[in-house]
Every structure is written in C-alpha cells, then in structure tokens.
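Below is one structure, written out as structure tokens; comments come after it.
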Amino acid sequence: MKNDHISDLEIWRRLGKQAEIIRRPENHLKHLVQREERLSKFSRKGGGIFYDFSRQRVDQKIMAMLAKLAEFRQVKERFLSMNQGEKINTTEKRAALHTACRVFSDEPVIVDGEDVMPEIKRVRREIKEFSEEVHSGKVTGSTGKPFQHVVVVGIGGSYLGTQFVSESLAAYADKGIQLHYLANVDIHNFGRVVARIDPESTLWII
C-alpha cells in the first residue's frame, strides 16, 4: 500500500490548483447546476443507491483527479483488505472490524486464521434480546422503574452513527423512551443531559 503523505502528492497539488478555479464567481454552484446534463454527468446509481453530487462545486476535471487520487492511494484495495479482516489499523496492529459488525451475509471474515462472524452474530442476538427486554419492561432500573431515558455515551464522534439512525427513524421509535447523547467530557454537556433525565429510569450505554 502507498502511504505517502497525501499533501506531498503531485495529484493533490493539481487538485489544489483546480480548487482555486472552481472558487471563481463564474463557477458558483448556482451557475454549475444550470449547465447542460449536469445531473446525468455528476450522479451515479448502483446497488439500490442514487448518489447525486451535482450540487457540489466540482467539475469533470476535479472528478477525474479525485478518481486518479483514489486509484493511486489504492482505495478499493484498502477497502477490500478491511472487509477481509486484514490488520489495516497499523497503530494498534489489529483489524478494523466495524465492517464485519455490519455484514449480514454468511461469508466468513477471517482474522488470525479464525472466522470472527459467529461471535459477532452471538453478540447481535444478545443485543436484540436485551433491547426487547428493555422495551417490554422485563429489564428495569435498580429501583424497578421501567426505562424512560437512554443516554448514549460516545466520545470523539462514536455516538454519531446512533444519533443519525435514531433521528432519521424517529417517526417509528418507541415514544416512551427518550434518547440523549453525551458527546464529550465537558461538565456543561454532562449537566445538560443530567438535568433532563431521571436517574432511576435511565439506561446508560457506553
């Protein structure tokens, strides 16, 4: 894998020059979106997903350079390595298995000669069972009160995925439980969360 610092690459410097051009008034987004076949040229469809980047300040030169940068940095190869359980986390010398946690096929993910998927599936089942017991009131707070609040603690942005899903699907959520997010150790942030909850009916998820 190529690990050159990205700012040292010639293609990165060329992108910088092209960015200066795209910042010109005549290349304002309100003008770009009026150009012929803008949507068809700056969108892609596949795998049930429609990706529209026609509303971004990019042109065909920038897109070609970004594709070249991705090729040079071996983005596809790195992505496959991550999905296959290779130890791409070089600082901690371990695999990045968050992708495996999102796999719902029967394909194995091998790390150090062992398929990690059976263990991941076991934990998923336990999470599902625990969630159902919380919603049904079988699992309660220490004083027997059913949970009415859940505080998700995710320092450094690790709460963002949960927040995205919970807010986008809020219309289908259990209205009897309120979600709160503790994003950092700032005492004011903690104070705002604590002021909204009842400790006896609050589940903390770390």
Side-chain angles (χ1 to χ4, degrees), residues 46-53 56 75-76 78-206:
I49 298 174
F50 178 68
Y51 180 41
D52 175 14
F53 47 94
Q56 301 299 316
V75 169
K76 286 184 179 180
R78 291 174 188 243
F79 180 71
L80 288 173
S81 296
M82 179 172 62
N83 286 337
Q84 292 166 359
E86 293 185 23
K87 296 181 180 180
I88 64 167
N89 184 336
T90 55
T91 54
E92 299 178 13
K93 296 181 174 59
R94 63 188 180 100
L97 293 178
H98 53 280
T99 51
C101 292
R102 292 162 175 78
V103 170
F104 289 92
S105 71
D106 293 323
E107 293 294 320
V109 176
I110 307 299
V111 178
D112 293 331
E114 182 178 349
D115 182 10
V116 300
M117 290 310 299
E119 178 66 8
I120 287 176
K121 290 177 180 178
R122 182 189 66 77
V123 172
R124 278 187 196 147
R125 287 193 299 271
E126 290 185 355
I127 291 173
K128 185 174 186 293
E129 290 168 3
F130 178 75
S131 299
E132 290 172 347
E133 290 176 348
V134 167
H135 284 284
S136 69
K138 185 176 180 180
V139 171
T140 65
S142 60
T143 61
K145 287 186 178 181
F147 288 116
Q148 295 179 314
H149 301 271
V150 173
V151 179
V152 180
V153 181
I155 308 302
S158 57
Y159 72 97
L160 288 171
T162 306
Q163 186 178 39
F164 169 76
V165 172
S166 66
E167 291 187 0
S168 61
L169 300 177
Y172 307 98
D174 182 343
K175 300 304 187 291
I177 297 180
Q178 295 181 51
L179 285 174
H180 311 270
Y181 296 93
L182 191 59
N184 55 60
V185 294
D186 177 73
I187 189 62
H188 300 294
N189 183 25
F190 182 80
R192 282 195 301 272
V193 171
V194 170
R196 298 171 184 164
I197 65 174
D198 168 23
E200 294 182 10
S201 62
T202 300
L203 172 66
W204 293 75
I205 298 178
I206 310 299

After noting the C-alpha distance and the side-chain angles of K121 and D106, does the key distance pass the salt bridge (Lys or Arg N to Asp or Glu O under 4.0 Å) rule? CA-CA 10 Å; K121 290 177 180 178; D106 293 323; 3.5 Å; yes
List the atom pairs, donor and acceptor, that lie under 3.5 Å between side-chain atoms in residues 184-191 and the rest of the protein, sequence neighbours left out.
residue, atom, partner, partner atom, Å
N184, OD1, D186, N, 2.9
N184, OD1, N189, ND2, 3.4
D186, OD2, H188, N, 3.1
D186, OD2, N189, N, 3.0

Residues in ring-ring contact (aromatic ring centres under 6.0 Å, His included) with Y51, at least two apart? F53
Should the heavy atoms of other residues, nucleotides or ligands under 6.0 Å from NZ of K175 be counted, would the total exceed 12? yes
Surrounding CZ of F164 (heavy atoms of other residues, nucleotides or ligands, distance under 6.0 Å), is the total greater than 12?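 Result for CZ/F164: open.
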Using the salt bridge (Lys or Arg N to Asp or Glu O under 4.0 Å) criterion, which residues pair with [X]? Sequence neighbours excluded.
X: R102; result: none
X: R94; result: E92
X: K93; result: none
X: E133; result: K138

Minimal non-hydrogen separation, [X] against [Y], with atom names:
X: S81; Y: I88; answer: CB-CG2, 4.0 Å
X: D174; Y: G176; answer: OD1-N, 2.8 Å
X: Q84; Y: V109; answer: C-CG1, 4.2 Å
X: V111; Y: G85; answer: CG2-O, 3.6 Å
X: I177; Y: V134; answer: CD1-CG1, 4.2 Å

Go through the structure and list residues passing side chain to side chain contact (heavy atoms under 4.5 Å, CB included) with N83, not counting sequence neighbours.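 Side chain to side chain contact (heavy atoms under 4.5 Å, CB included) list for N83, sorted by chain: F79, T99.
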Point-to-point distance, once rounded to the nearest 0.5 Å, from CG of L97 to CD of E119: 11.5 Å
For residues V152 and V150, determine if any side-chain heavy atom of one lies less than 4.5 Å from a side-chain heavy atom of the other.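 Of all side-chain heavy-atom pairs linking V150 with V152, at least one is under 4.5 Å.
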Would you say that R124 contacts I127 through its side chain, given a criterion of any heavy-atom pair below 4.5 Å between the two side chains? no
For [X], side-chain hydrogen bond (donor to acceptor under 3.5 Å, both in side chains) partners two or more places apart:
X: S168; value: none
X: E107; value: none
X: S166; value: Y181

Do the numbers put R125 on top of the ring of F130, so that NZ or CZ is under 6.0 Å from the six-membered ring centre and no more than 45° off the axis?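 Pair R125/F130 does not count as cation-pi.
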Residues pairing under side chain to side chain donor-acceptor pair (under 3.5 Å) where one sits in residues 148-159, two or more places apart or in two chains, turn out to be H149-H180
What pairs of donor and acceptor atoms, side-chain ones from residues 197-206 against any protein atom, are under 3.5 angstrom apart with sequence neighbours left out?
residue, atom, partner, partner atom, Å
D198, OD1, E200, N, 3.3
D198, OD2, K145, NZ, 3.3
D198, OD2, S201, OG, 3.1
E200, OE1, T143, OG1, 3.2
E200, OE1, K145, NZ, 3.3
S201, OG, D198, O, 3.4
T202, OG1, D198, O, 2.6

